Amino acid sequence: MSRYNPNEAEPKWQAAWASQQSFKAGTRPDQPKYYVLEMFPYPSGRIHVGHSRNYTMGDVVARYKRAQGFDVLHPMGWDAFGLPAENAARDRKINPREWTYDNIAVMRAQLQRLGLALDWEREIATCDPEYYKHQQAIFLKFFEKGLVYRKKAKVNWDPVDHTVLANEQVIDGKGWRSGAPVVQRELDQWFFKITEYADDLTDGLENLERWPDKVRLMQKNWIGRSRGAHIRFEFANGEDLLGHGYEAEFGSNIEVFTTRPDTIFGASFLALAPDHPLTKQLAKEDPAIDEFIALCQRLGTSEEAIEKAPKRGIDLGLRVKHPFDPNWELPVYAANFVLSTYGTGAIFGSPAGDQRDLDFARKYDLPVKPVVLPAGQDPAQYRLGEEAYTGPGKIFNSASWLNGLDTLTAIEEVIKRLEKSGQGQGATTFRLRDWLVSRQRYWGCPIPIVRCDSCGPVPVPTEQLPVKLPDDVSFDRPGNPLDHHPTWKETTCPKCGAAAQRETDTLDTFVCSSWYFLRFTDAQNTDQPFDNATASRWMPVDQYVGGVEHAILHLLYARFFTRGLRDCGLIDLPSGEPFAGLFTQGMVTHETFRAEDGRWLAPEEVEERDGRLVEATSGIRVEKGPLEKMSKSKKNVVDLERFIADYGADAARWFVLSDSPPERDVEYTESGVEGVWRFIQRLWATIDGLPEGAPKPFSPVSALSDANAIELRKAAHKAVQDITDHIENFRFNAAVARVHDFANALRKAGNDAGSQDLLAARVEASTIMVQLIAPFMPHLAEECWSRLGGEGLIYDQAWPKADPSLLVEDSVIMPIQLNGKRRSEMNVAKDASKDELERLALDDPSVKRALEGLTLRKVIVVPGRIVNIVAN
RNA sequence: GCCGCCGUAGCUCAGGGGUAGAGCGCAUCCUUGGUAAGGCUGAGGUCCGGAGUUCAAAUCUCCGCGGCGGCACCA
């Protein structure tokens, strides 16, 4: 008997898998396919234990599905473009490419050491011209199809770094890197027309049954579809107030969007966004309006400032006519709470039915007329306080044709009448905007467009792709190195041959991750991004695993991309959905330490002196910080290689899946890891403790007479059933707990020879145990399999099946309750009748005792569960 | 502010109308040739609070409280 040494065993089995090409995908073309994918990593440097959780979960699924006979595709690659490489280049004078590929080499080795069942032949890096060349081809397909366009847009511009920033990179109005206040700039930018699919992206969510509800909801809210109406309000006095030009450009009315056309008779004003074209037009003639616009712009951009800003507005002097009563005139305001980017940038205010409108109306003394009567209210008595009523009800105080209708019917009725009179129509708007993909950065995929003075933007001919990034760039001055490059952008127009310039913007890295899962299906294809038939066989991804932080952007972009690719004829994917199953895993957290002066410290920098925590070098007092997700900045990462050297890859895999449900965070603790180590040793000892000359695995187990042997067989087959069920449902922590149970049962079945029956049962149970742990701790499983004398690799063994005859219990322990309180229990046959159970229960000595002096009222018998006696 | 998730042993969490559970930790004892240990036994619970439904509620319903997350003037 020996101890298990992972540092010997693990590399040995990894070499065995590699030499047998165990993880190659596509080797079972006749079997159903199964595509497992973890969100591919950004090659930032090193992997820590926190990262490994994501890959381990995917790996469990991959190995489990493989054991079930599927042709499994489980690839890995690198989301390799992005700003950190440029920062490293600037700070350390290294080329971004070298920095990136060095990191990839380190991280690849780490993932391999973790024993992941990955098909490395399909490895891709998005910064490889062999990858981005296809991305450029896709870009041009989208361009042809009208899914890509250029427009002037207001963007967040960092005046120090000379680049645009995404919204999430602006923190409190300042650039996240430079700290400089971000300015809004109008720039010519490239966009993907994601809004074209806004409806489909919303509707598609309904069918994603294997996605977390939470993520579907977040996407739904993000897209933010609202149905309502556009209503046009004709000017009552416009001509003399407006300079000229507006009418030609915008017509003789103001168009608003509303979700509540039913409240049209409660309207008391119109409000325009401060930057609505009409507001701007009027500001040219009226300094007061101009001043108001400036005031709104000054009012910070942080969300908190916006939220707390009181409602303000200015009367523009315009009057418009109510659509259903030409004699009813409404004032038009510009108001700070109206957004130019949503709907039409204009609203009609119906104060009784909208809190913002009510606040505004109260401030400027505008009429407040309730038009929706909540159920159970008396119309004569109904008054509104400081709160608007936004719920359903019956319309009143309105036109006779509308009064009495419920809100939903009223909405339809008003829309019908608007459409008839041509003053409006039903409309849907979205919160979602088009996807801005231009980035003024170097380390990204070049946009394959040439800007020609006479031809405009011209696509680079496909045969000239890729448009490659130059290597000789400098990061000495701020701004886009591509733009600064002395020669790179100079070219000729593919259309007219005149001198022209390349587009120097590169694509948002989210573009790279919007189709990488398709490239994995046909990663070696040099002619096209992927072969349609090949990709269509593997798609959709059956199980996608990643962090919730990508719940919106990445997943939405990818869903858009597959729709676009489908509509360009590149893939047969009718639903357009790339990911049939999605799992969002929680993080690994670890304790943190913080010095009094606010610095984060690593655990090894802290020591205890006189019962207090201090920094070892300085003696400065240290406080235990909160549990935080492992991150370099908090100095609480546990390096994966270090961990593996101490405990092995299996221990890391087992640990990150224990304890917490996969979707929740798990806390890294040293004691937990030691528990895992002991478990591994105990399990090995249990298997290794089988006597020499025991039967081989899968030996038929004949009819057994030994009661202990039968019990053990039952425990084993029950474990198969439960653990299979837990894996199917992504309850890995429950599977782990169940393995613990089963391991205890197996261990306690005895290490001495016992009866031949018991020995046979132990071998069977050990075999099952090894099969069950194989997806989780594959190296230990192989070592045990080999020790048991199994043929070949456990990796190639089929998943065990539970014998149904061993799952049924013939007797069951049933509690007996008296007035809902447990008084006794009895061991009865599972199929005992109700009458018999009642008789047995009333016959129970302690029940008899308890019943003395009481009158029996009722006996409730739930066969197999409980008997409850009611008496008083 | 709106929406969602969570609250069970010291910690991390299973369970989900009918006996309150696991791992780790803790305590007692045994072993010290399975030894960076191993084993036996055990203590530990207001299942967040309140009300309701029920023969029976940790579980279902409603109302609170606390924690976390998403969105945030979206008309």
Side-chain angles (χ1 to χ4, degrees), chain A residues 1-3 212-222 224-226 228-229 256-261 263 271 273 303-304 306-311 335-339 341-350 353-357 359-360 390 429-432 548-549 551-552 589 627 646-647 658-661 663-679 681-682 684-685 688-689 726 731 733-741 744 747-748 751 813-825 857-862 864-871:
Chain A
M1 193 171 308
S2 61
R3 289 181 71 75
D213 290 343
K214 182 183 162 174
V215 174
R216 291 197 283 180
L217 192 64
M218 281 165 70
Q219 291 224 348
K220 196 176 165 200
N221 291 339
W222 184 266
R225 176 164 69 190
S226 7
V256 306
F257 174 72
T258 180
T259 55
R260 293 297 300 276
T263 64
E303 267 149 20
E304 210 184 338
I306 291 169
E307 178 70 18
K308 287 191 179 137
K311 305 279 173 282
N336 64 340
F337 66 93
V338 180
L339 304 173
T341 49
Y342 186 77
T344 61
I347 62 156
F348 80 79
S350 193
D354 184 287
Q355 192 58 45
R356 295 156 302 182
D357 296 352
D359 294 346
F360 192 80
T390 57
T429 56
F430 297 91
R431 194 183 157 279
L432 181 72
V548 236
E549 65 273 21
I552 296 175
T589 61
L627 278 182
D646 287 346
Y647 301 103
S658 312
D659 286 359
S660 284
E663 68 275 17
R664 242 182 277 175
D665 290 351
V666 62
E667 184 191 351
Y668 180 93
T669 61
E670 208 59 42
S671 64
V673 174
E674 280 159 16
V676 169
W677 172 261
R678 280 199 295 271
F679 177 71
Q681 292 301 336
R682 207 154 56 214
W684 167 251
D688 196 33
H726 287 323
R731 291 190 297 251
N733 63 320
V736 166
R738 201 59 190 75
V739 168
H740 276 124
D741 272 355
N744 284 341
R747 190 160 50 99
K748 287 181 178 160
N751 268 1
I813 294 171
M814 271 177 59
I816 305 167
Q817 288 185 335
L818 183 61
N819 294 330
K821 290 219 166 79
R822 179 174 168 272
R823 281 296 152 86
S824 184
E825 62 182 33
R857 295 287 173 201
K858 199 173 171 185
V859 179
I860 296 127
V861 179
V862 185
R865 302 304 289 268
I866 202 158
V867 177
N868 188 18
I869 299 162
V870 185

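By convention in this document, chain letters (A, B, ...) are assigned in the order of the sequence lines, proteins followed by strands, and residues within each chain are numbered from 1. In this text, all values refer to a predicted model and were calculated from it rather than measured experimentally.
Base orientation of B:G34: syn, the glycosidic angle falling within 90° of 0.
Contact between A:A273 and A:V338 at its shortest, heavy atoms only, is CB-O, 3.4 Å. The two atoms that bring A:T429 and A:Y342 nearest to each other are OG1-OH, 3.3 Å, heavy atoms only. Listed here is the closest heavy atom pair of A:N744 and A:R747: OD1-NH2, 3.1 Å. Closest of all the heavy-atom pairs between A:F348 and A:D357 is O-OD2, 3.9 Å. In terms of heavy atoms, A:A551 sits closest to A:Q219 at O-NE2, 3.0 Å.
Taking atom CD of A:E663 as the reference point, atom P of B:G69 lies 16 Å away to the nearest angstrom. Distance NE2 (A:H740) to P (B:A14): 16 Å, rounded to an integer number of Å. Summarising the geometry, the separation between CZ on A:R747 and P on B:G39 is reported as 5 Å, rounded to the nearest angstrom. One can place CD of A:E674 at 18 Å from P of B:U35, the figure rounded to the nearest angstrom. The interatomic distance linking A:M218 (CE) with B:G70 (P) rounds to 7 Å, in whole Å. Atom CH2 in A:W222 sits about 15 Å away from atom C1' in B:C3, given to the nearest Å. Put simply, CG on A:N744 is 13 Å from P on B:G38, counting in whole angstrom units. At whole-Å resolution of the value, NZ in A:K311 and C1' in B:A75 are 12 Å apart.
Nearest to the side-chain atoms of A:N336 among the listed nucleotides B:C73, B:A75, B:C13 stands B:C73. In this structure, the nucleotide among B:G25, B:A75, B:A14 sitting nearest to the side chain of A:R678 is B:G25. Ranking B:U35, B:A75, B:G70 by closeness to the A:T258 side chain, first place goes to B:A75.
Put simply, A:R682 has no side-chain N or O that comes within less than 4.0 Å of OP1 or OP2 on B:A37. In this model, the phosphate group of B:A75 is approached by a side-chain N or O of A:S226 to a distance below 4.0 Å at OP1 or OP2. Considering only side-chain N and O atoms, A:R431 lies nowhere under 4.0 angstrom from the phosphate OP1 or OP2 of B:G70.
Judged by Watson-Crick or G-U wobble contacts below 3.5 Å, the nucleotide B:C60 has B:G52 as its partner. The base-pairing partner of B:A22, taking Watson-Crick or G-U wobble contacts with both distances under 3.5 Å, is B:U12.
As rounded to the nearest Å, B:G70 and B:A27 have C1' atoms that lie 45 Å from one another. Taking the C1' atoms as reference points, B:C40 lies 10 Å from B:U31, given to the whole Å. Taking the C1' atom of each, B:G45 and B:A58 are spaced 11 Å apart, rounded to whole Å. Comparing the P positions of B:A51 and B:G39 gives an interatomic distance of 47 Å, to the nearest angstrom. Comparing the C1' positions of B:G16 and B:U61 gives an interatomic distance of 15 Å, to the nearest angstrom. If you take atom C1' in B:U53 and the same atom in B:C60, they sit 8 Å apart, rounded to whole Å. Atom P of B:A56 sits at a distance of 29 Å from the matching atom of B:A22, rounded to the whole Å. Annotation: B:G49 and B:A43 have their P atoms spaced 24 Å apart (nearest Å).
Every ring pair (Phe, Tyr, Trp, His ring centres under 6.0 Å) that A:F679 has, sequence neighbours left out, goes to A:W654, A:H740. A:S350 is linked by a side-chain hydrogen bond (donor to acceptor under 3.5 Å, both in side chains) to A:T263, counting only residues two or more places apart in sequence or in another chain.
Among the atoms of the strands shown, none is found under 4.0 Å from any heavy atom of A:V256. As judged by a 4.0 angstrom heavy-atom cut-off over every strand, A:R738 is placed among residues making no nucleic acid contact.
Heavy-atom distances to RNA chain B give each of A:R260 and A:H726 a nearest nucleotide, and the one nearer the 5′ end belongs to A:H726. Of the residues near RNA chain B, A:L432 and A:N221, the one whose nearest nucleotide (by heavy atom distance) lies more toward the 5' end is A:N221.
Side-chain contact between A:Y668 and A:V673 is present, with heavy atoms from C-beta onward closer than 4.5 Å.
Under a cutoff of 6.0 Å and an axis angle of 45°, A:K311 and A:F360 do not form a cation-pi pair.
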Checklist entry - How does protein contact run along nucleotides 4-11 of chain B, one letter per nucleotide 5' to 3', with B for base contact, S for sugar-phosphate only, - for none, heavy atoms under 4.0 Å? => result S-------
